[in-house]
Amino acid sequence: MRREFSRIVRIVGFVAVALTVIGFMAACAKPVSKDYAIVFKNTGNPYGDKQMSGFKAGIEEQGFKAILQAPAQPTAEAQIQIIESLISQKVAAICIVGNDFDALQPVLTKAKTAGIKVFSLDSAVNPASRLTHVNQADSAKIGSTLVEAAFDMSGGAGDIAILSATSQASNQNLWIDYMKKDLQDPKYAKLNLVKIAYGDDIRDKSVSEAEGLLQSFPKLKVIIAPTTVGIAAAGKVLTDKKLQGKVFLTGLGLPSEMATYIENGACPYMFLWNPIDVGYLGAYTGTALVKGTITGAVGDKFKAGRLGDYTITKAADGGTEVLLGPPFKFDKTNIEDWKTVY
Ligand code: RAM
């Protein structure tokens with residue numbers, strides 16, 4: 001009886017100590033931040049605004065706070081300063097739209113060491129700097145689709161040029177690499193890539209780069225602009241110069257900015273995905289990483305709100321990614337329906 005009593009006392013004592021320790025640990029644990037940050041390439045890009053609005057919607061509908069940031073210039077240096085300040089603010093996650101594949105690694109590693117979940121979206125940072133990447137569409141498919149469009153618009157032969165964003169933008173560079181690989185195919189032997197110009201996703205610079213291409217290459221048949229800023233700038237230049245039917249434009253554009261140029265024939269067709277959905281998928285990737293539902297490993301699964309279920313897969317750069325879906329084609333038959341959507 002006495003032994004039984006002292007056993008009970010020991011158990012009660014043990015439970016009390018355990019509860020005290022758990023309570024102490026809970027009191028000491030850092031409160032989990034409810035702030036989720038996205039850092040876009042630069043300000044003044046309507047595509048970036050739409051992507052960030054999707055991120056904000058996805059974060060806020062889960063009861064958290066979204067911090068939307070973008071530097072004035074599309075450089076890695078400017079993004080590093082923003083990330084330093086987000087580290088001091090102790091945000092829960094940083095979703096980076098990289099202005100450089102490798103240059104952000106030291107600051108992103110610092111963020112990771114501080115317990116912040118780091119992942120990229122739209123424009124990837126290298127696998128060592130991220131847990132995973134939110135990819136808008138299959139990169140190889142984007143490259144081959146744009147080369148095939150140039151082939152089609154040029155009638156299979158002639159000078160073509162690329163008007164890109166910055167020379168360091170990892171998403172554009174990846175797509176351009178795939179385009180160059182595709183152009184090796186004997187089918188495209190008569191297509192002559194004369195120049196890759198960089199408008200830096202700045203409207204005025206993109207306009208003058210487009211004008212420069214026309215001046216330097218009078219026989220130019222197609223401009224491929226794999227950036228929404230570049231394609232809209234080139235659309236304006238071709239329209240102002242009344243070059244519809246002589247020089248064709250294709251690439252990745254926002255229906256809202258490109259409707260005029262699709263309707264007037266400067267751009268027979270182009271492609272994109274829904275940038276709001278890219279941001280929204282990023283929001284759910286971030287919260288899943290913070291909750292621990294996913295770690296960013298191949299095979300991890302999570303639910304992205306209204307978009308449904310996603311699985312992390314292997315990315316071509318050796319890291320992992322989550323893919324939104326296939327790119328969508330916009331032409332005269334559907335642009336009217338899409339120009340008010342995004
Ligand atoms: C521009 C940006 C963005 C890219 C789109 C297609 O707005 O460079 O990163 O995804 O174009």
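Heads up: numbering here begins at 1 and tracks the sequence. Just follow the structure's listing: the first ligand is 1, and inside any ligand the first atom is 1.
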Which atom pairs, one a donor and one an acceptor, fall under 3.5 Å between side chains of residues 289-298 and the rest of the protein, sequence neighbours left out?
{"unit_1": "Thr295", "atom_1": "OG1", "unit_2": "Ala297", "atom_2": "N", "d": "3.4"}
{"unit_1": "Thr295", "atom_1": "OG1", "unit_2": "Asp300", "atom_2": "OD2", "d": "3.2"}

Exercise. By number and element, which atoms of ligand 1 are closer than 4.0 Å to a non-hydrogen atom of Gln172?
Worked result: 2 (C), 4 (C), 8 (O), 11 (O)
Problem set entry | Option nearest atom 2 (C) of ligand 1 (shortest heavy-atom distance, choices Asn171, Thr228, Asp201) | Asp201
Exercise. Who pairs with Phe64 by ring-ring contact (aromatic ring centres under 6.0 Å, His included), at least two apart in sequence or on another chain?
Worked result: Tyr36
Problem set entry | Intermediate values then yes/no, ring pair (Phe, Tyr, Trp, His ring centres under 6.0 Å), Tyr284 and Phe302 | CA-CA 8 Å; Tyr284 277 85; Phe302 66 106; 8.0 Å; no
Exercise. Do we see a donor-acceptor contact under 3.5 Å between the side chains of Asn99 and Gln168?
Worked result: no
Seminar exercise, completed: Here the atoms of ligand 1 under 4.0 Å from any heavy atom belonging to Asp122 are 3 (C), 4 (C), 9 (O), 10 (O)
Problem set entry | Side-chain donor-acceptor pair present, Ser85, Gln89, cut-off under 3.5 Å | yes
For this session: Check ligand 1 against Thr227 and write out every atom of the ligand that is under 4.0 Å from a heavy-atom position of the residue.
Result: 1 (C), 11 (O)
Exercise. Should you measure from each heavy atom of Asn45, which atoms of ligand 1 turn up under 4.0 Å away?
Worked result: 1 (C), 2 (C), 7 (O)
Problem set entry | Close approach, Gln136 and ligand 1, non-hydrogen under 4.0 angstrom | yes
